[in-house]
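Comments concern the structure below.
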Amino acid sequence: MTVQGESADHQWVDDHAGPVVRPYAMTRGRARPVTGTFDLISLVTATRADVTPEVGLGPEHLAIVGLCQRIQSVAEIAAHLDLPVGTIRVLLGDLAARSLVQVREPQTTAGLPDNSIFEAVINGLRAL
C-alpha cells in the first residue's frame, strides 16, 4: 500500500540509507542458521582475508567477513551492520558452512563455584 501521490518504488528507499532491503530478503526467508546457534557473546573470526563474491553470498555476508578480520562478538556484528541478531545468526551459519568464519562459543560455567558461594560473599560484605 502506498500513500497517495507516492510511487511504489519510493516506499523502498530511505532518504538517509538508500534502498531498503528487508532482513528476511537477506536470509531468503530463513529464520534459523544452517549450522550453529551463535550466542550473543560468541566470538567470530574470518578465516580468509580475501573473499570473492560467490553464488549464495550477498553483500551482507561479505561485510561480515570484512568486519571479522578482527575478532567480533555476534552482538558487535549486529550493531556494526545495523541488522537484527537473528539475521546475523542466519548469515553466520552460511559463512560457517563455507568455512569462511570460525566461531568460538562462550565457555561453559562448569567448574565455577556454585551461586550459593557468591551469595554468601555478598551477604558477608553487606554485614561489614
Side-chain angles (χ1 to χ4, degrees):
M1 176 187 237
T2 60
V3 177
Q4 189 172 10
E6 182 179 324
S7 72
D9 290 338
H10 186 274
Q11 69 181 356
W12 296 107
V13 177
D14 181 274
D15 291 335
H16 300 289
V20 176
V21 177
R22 302 287 183 210
Y24 61 82
M26 291 176 208
T27 63
R28 291 183 220 86
R30 297 172 294 150
R32 294 204 171 112
V34 292
T35 183
T37 55
F38 311 111
D39 192 277
L40 283 174
I41 59 173
S42 297
L43 298 177
V44 183
T45 309
T47 58
R48 297 191 329 214
D50 58 335
V51 177
T52 57
E54 301 174 16
V55 173
L57 291 184
E60 295 79 15
H61 290 99
L62 300 177
I64 291 172
V65 172
L67 187 61
C68 292
Q69 295 303 309
R70 292 183 34 203
I71 295 174
Q72 302 283 328
S73 71
V74 172
E76 289 173 313
I77 296 167
H80 283 293
L81 298 180
D82 196 24
L83 290 172
V85 173
T87 301
I88 294 298
R89 286 180 173 140
V90 172
L91 298 175
L92 284 173
D94 297 342
L95 293 170
R98 293 175 184 236
S99 299
L100 295 175
V101 295
Q102 178 182 24
V103 181
R104 288 186 298 211
E105 297 296 336
Q107 298 294 322
T108 61
T109 58
L112 291 178
D114 189 300
N115 282 343
S116 63
I117 294 174
F118 293 120
E119 290 174 11
V121 169
I122 291 170
N123 290 334
L125 290 171
R126 286 183 182 153
L128 294 175

> Given the rule in the side-chain contact (heavy atoms from CB on, under 4.5 Å) test, do D39 and V74 qualify, once you have shown the distances and angles that lead to the verdict?
Replying inline: CA-CA 7 Å; D39 192 277; V74 172; over 6 Å; no
Are [X] and [Y] grouped together when hydrophobic residues (ILVMFWY) are joined by side-chain heavy atoms under 4.5 angstrom apart?
X: L43; Y: V65; value: no
X: I41; Y: V44; value: no
X: V103; Y: L40; value: yes
X: I88; Y: L57; value: yes

How long is the span from the [atom1] atom in [X] to the [atom2] atom in [Y], to the nearest 0.5 Å?
X: I77; Y: R89; atom1: CD1; atom2: CZ; answer: 11.0 Å
X: L81; Y: L91; atom1: CG; atom2: CG; answer: 8.5 Å
X: T45; Y: R70; atom1: OG1; atom2: CZ; answer: 11.5 Å
X: H80; Y: I64; atom1: NE2; atom2: CD1; answer: 12.0 Å

Measure the shortest side-chain to side-chain distance between [X] and [Y] over non-hydrogen atoms and say whether it is less than 4.5 angstrom.
X: H61; Y: V51; value: no
X: P106; Y: S42; value: yes
X: L125; Y: L128; value: yes

> Run the side-chain contact (heavy atoms from CB on, under 4.5 Å) check on E60 and T87 step by step: do they pass?
Replying inline: CA-CA 10 Å; E60 295 79 15; T87 301; over 6 Å; no
>> If I compare all heavy atoms of A49 with all of Q69, which pair ends up nearest, and what's the gap?
In response: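 Looking at all heavy atoms of both residues, the closest pair is CA-OE1, 3.4 Å.
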>> So which atom in F38 and which in G93 form the shortest heavy-atom distance, rounded to 0.1 Å?
In response: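 Residues F38 and G93, closest heavy atoms: CE1-N, 3.6 Å.
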>> Quick check on side chain to side chain contact (heavy atoms under 4.5 Å, CB included): which of L100, L95, V101 does R98 satisfy it with?
In response: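 That would be L100; it is the only one of L100, L95, V101 passing the side chain to side chain contact (heavy atoms under 4.5 Å, CB included) with R98.
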> Should we say atom CG of D82 is surrounded by more than 12 heavy atoms from elsewhere, each under 6.0 Å from it?
Replying inline: no
